[in-house]
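So the structure is just underneath, and the comments pick up after that.
Both backbone and side-chain heavy atoms feed into the values below; hydrogens, waters and symmetry mates do not. Residue numbers start at 1 and run along the sequence shown.
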Amino acid sequence: CSACGQISFPPRSDCLACRHDAFTFTEFSGEGTLVTYTRIEAAPAGFEDATPFTVGVVDLKETGRLLAWFGETIAEADIRIGMPLQVVPRIFEETAAIKVYYTLERPGTKWTKSDST
C-alpha cells in the first residue's frame, strides 16, 4: 500500500489495513512453506484432461497464502507438510491474452516461459 506500507498478497483493490486504493507492486521471493495439499482425482469442468493432479497451499515468506499445482521437480511421494517450496510463475504468451499460473517446485527453481496453451 502506497499510503501505509502494508504488504498483501494476492493483489487487491484496497488495503486491508487502511482501505487506501493506491499500490506499488513488490516482487516476492516465491519462497514458502507447505501448509496442506490434496490429490485431485475428479476435476471440475475444464480440468478433466489434467487429472489426476496435486495442489498445495503455501504460506509465502513475505506474506499471504497461495494455492498452486505441484510441478515436475517434486514427486508426489516426496510431498510433506512443512516442506520448503519455491513458487514459480508459468507464463503462456502464445494465447490471445497472457495467461499466468503458478507451480510449486523445489527451492531454487527458476521460472521460464512455456509454449503450452
Atom pair CG/OH of Leu85 and Tyr102 - distance to nearest 0.5 Å: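 The distance works out to 15.5 Å.
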
Separation between SG of Cys4 and NE2 of His20, rounded to the nearest 0.5 Å: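 One gets 9.0 Å once the value is rounded to the nearest 0.5 Å.
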
Heavy-atom closest contact (Gln86 atom, Gly108 atom, distance):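 Distance-wise, the nearest heavy atoms are OE1-N, 3.7 Å.
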
Least distance between heavy atoms, Thr103 atom then Glu105 atom: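 The pair with the smallest heavy-atom distance is OG1-OE2, 2.8 Å.
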
Under the salt bridge (Lys or Arg N to Asp or Glu O under 4.0 Å) test, residues paired with Asp78 that sit two or more places apart: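 For Asp78, the residues satisfying salt bridge (Lys or Arg N to Asp or Glu O under 4.0 Å) (neighbours in sequence not counted) are Arg106.
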
Test item: Trp69 and Ile40 side chains (from C-beta on) under 4.5 Å apart, heavy atoms: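 Heavy-atom side-chain distance check fails, nothing below 4.5 Å.
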
Heavy-atom side-chain contact between Val35 and Ile81 under 4.5 Å: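 No, their side chains stay 4.5 Å or more apart.
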
Residue pairs fulfilling salt bridge (charged side-chain N to carboxylate O under 4.0 Å, His left out) with at least one residue in residues 2-19, sequence neighbours excluded: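 Passing the test, one end in residues 2-19: Arg12-Asp14, Asp14-Arg19.
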
Main-chain N/O of Cys1 paired with Gln6 side-chain donor or acceptor, under 3.5 Å: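 No; judged by distance alone, with no hydrogens or angles, the pair does not exist.
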
Pairs under 3.5 angstrom only: tabulate donor-acceptor contacts from the side chains of residues 53-67 to other protein residues two or more places apart or in another chain.
| from | atom 1 | to | atom 2 | distance (Å) |
| --- | --- | --- | --- | --- |
| Thr54 | OG1 | Glu76 | OE2 | 3.4 |
| Asp59 | OD1 | Arg65 | NE | 2.6 |
| Lys61 | NZ | Glu31 | OE1 | 3.4 |
| Glu62 | OE2 | Ser29 | N | 2.8 |
| Glu62 | OE2 | Ser29 | OG | 2.9 |

Within 6.0 Å of CD in Glu72, more than 12 heavy atoms from elsewhere: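 Not more than 12 within 6.0 Å, no.
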
In one Ile/Leu/Val/Met/Phe/Trp/Tyr side-chain cluster, 4.5 Å: Tyr37, Val87: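 Tyr37 and Val87: one cluster.
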
